[in-house]
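Structure first, then comments.
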2 protein chains.
Amino acid sequence: MNLENTKAQMRKGILEYCILSVLSKNEAYASELIQKLTEAELLVVEGTIYPLLTRLKNDGLLTYRWEESTGGPPRKYYMVTTLGLNFLAELKKTWAAMVASVNRVTGSEGEGRR
Amino acid sequence: MNLENTKAQMRKGILEYCILSVLSKNEAYASELIQKLTEAELLVVEGTIYPLLTRLKNDGLLTYRWEESTGGPPRKYYMVTTLGLNFLAELKKTWAAMVASVNRVTGSEGEGRR
DNA sequence: TTTGCTACTTTGTATTACATGGTACTGTTT
DNA sequence: AAACAGTACCATGTAATACAAAGTAGCAAA
């Protein structure tokens, strides 16, 4: 029962939401995504993001296209599909509801709203 | 990739926080906890909460005492230890930081603060 | 005694994040 | 040209968690 472990557990399930959200604004390839999420202090690593992107693609929420790079191997640029946009809208609601619930239960209901 | 599944994943890791938080205000037994969390629209079931309570107890964050019931079997009333309170304080910070990060990444940073 | 309710417990399963190691393409250095 | 370094993608195995499901046990009323 250490804090790092609990943090990791808390991150579970929100990555999908974050990735879809980031990609809905701009297409990006995996390394770019990792950089953006890391900048936002949401730890992610390769071993996490590649399987996740593949899963989202297999479920029809993402597509990708290959693009040559000016140095190094070609990149897979991912973008959100229409289905992905719908799912993202649902996730947004879900996230908002969950934050509200947690804040209510933990007694920080008013925070950020006064 | 269905919404219910993603919701379940989003809940991961926050239960510890919610339970510690609820118990820090009033001691309670498992069924009471389930009721409170369900009222707050945070689904929990027996199979989830009993092992979790035991884990928190084994890690020294919770203690319990038996109390006879006026009908039915005796109840285990759980309460938070000093160690648990410290951990709770950390979780509170962690949760707040994560919500801030997610909102920043998904572009809902201002929401609830206007 | 049987039935029903409450409360606690245990076992097995699905899902996820991550660590780790591996493949492949490009350009640079020797 | 050969070796190397850097970038990018991919695959496998592990740990942790939530949950379903089935089980145990106490108490009380019919």
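We use all heavy atoms of the structure for the numbers below, so side chains are in, but hydrogens, waters and symmetry mates are not. Residue numbers begin at 1 in each chain, while the letters A, B, ... track the order of the sequences.
- Rounded to whole Å, the distance from CG on A:Leu33 to C1' on D:dT7 is 16 Å.
- Mapping B:Ser69 and A:Ser69 onto DNA chain C by nearest heavy atom places B:Ser69 closer to the 5' end of the strand.
- Regarding B:Asn2, its CG atom lies at a distance of 18 Å from the P atom of D:dA18, rounded to whole Å.
- Taking atom CG of A:Leu53 as the reference point, atom P of C:dA17 lies 11 Å away to the nearest angstrom.
- Taking atom CD1 of residue B:Ile49 and atom P of nucleotide D:dA20, one finds them 13 Å apart after rounding to whole Å.
- In this structure, B:Leu43 places its CG atom 9 Å from P of D:dA20, rounding to the nearest Å.
- Taking side-chain N and O atoms only, A:Thr48 has a distance below 4.0 Å to OP1 or OP2 of C:dC18.
- At a threshold of 4.5 Å between non-hydrogen side-chain atoms, the residues B:Leu23 and B:Leu56 do not count as touching.
- Not counting sequence neighbours, B:Tyr50 has no partner by the ring pair (Phe, Tyr, Trp, His ring centres under 6.0 Å) test.
- Taking atom CE of A:Met10 as the reference point, atom P of C:dC18 lies 14 Å away to the nearest angstrom.
- The interatomic distance linking A:Glu32 (CD) with D:dA8 (C1') rounds to 12 Å, in whole Å.
- Hydrophobic clustering, defined by side-chain heavy atoms of Ile, Leu, Val, Met, Phe, Trp and Tyr closer than 4.5 Å, groups A:Tyr29 together with A:Tyr77.
- As a member of the Ile/Leu/Val/Met/Phe/Trp/Tyr network built from side-chain separations under 4.5 Å, A:Leu43 groups with nothing else and remains a singleton.
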Measure all distances between protein nitrogen or oxygen atoms and nitrogen or oxygen atoms of nucleotides 8-15 of chain C, and list the pairs falling under 3.5 Å.
unit_1: C:dC8; atom_1: OP1; unit_2: B:Lys76; atom_2: N; d: 2.6
unit_1: C:dC8; atom_1: OP2; unit_2: B:Tyr50; atom_2: OH; d: 2.7
unit_1: C:dC8; atom_1: N4; unit_2: B:Glu46; atom_2: OE1; d: 3.0
unit_1: C:dC8; atom_1: N4; unit_2: B:Glu46; atom_2: OE2; d: 3.2
unit_1: C:dT9; atom_1: OP1; unit_2: B:Lys76; atom_2: NZ; d: 2.8
unit_1: C:dT9; atom_1: OP2; unit_2: B:Lys76; atom_2: NZ; d: 3.3

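- The salt bridge (charged side-chain N to carboxylate O under 4.0 Å, His left out) check on B:Lys7 picks up B:Glu4, with sequence neighbours excluded.
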Review item, side-chain donor-acceptor pairs of residues 61-74 of chain A, under 3.5 Å, at least two apart:
unit_1: A:Arg65; atom_1: NE; unit_2: A:Glu27; atom_2: OE1; d: 3.4
unit_1: A:Arg65; atom_1: NH1; unit_2: A:Glu67; atom_2: OE1; d: 2.5
unit_1: A:Arg65; atom_1: NH2; unit_2: A:Glu27; atom_2: OE1; d: 3.4
unit_1: A:Arg65; atom_1: NH2; unit_2: A:Glu27; atom_2: OE2; d: 2.3
unit_1: A:Arg65; atom_1: NH2; unit_2: A:Glu67; atom_2: OE1; d: 3.2
unit_1: A:Ser69; atom_1: OG; unit_2: A:Gly71; atom_2: N; d: 3.3
unit_1: A:Ser69; atom_1: OG; unit_2: A:Gly71; atom_2: O; d: 2.8

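- For the pair A:Leu3 CG and D:dA16 C1', the interatomic distance rounds to 15 Å; values are reported in whole Å.
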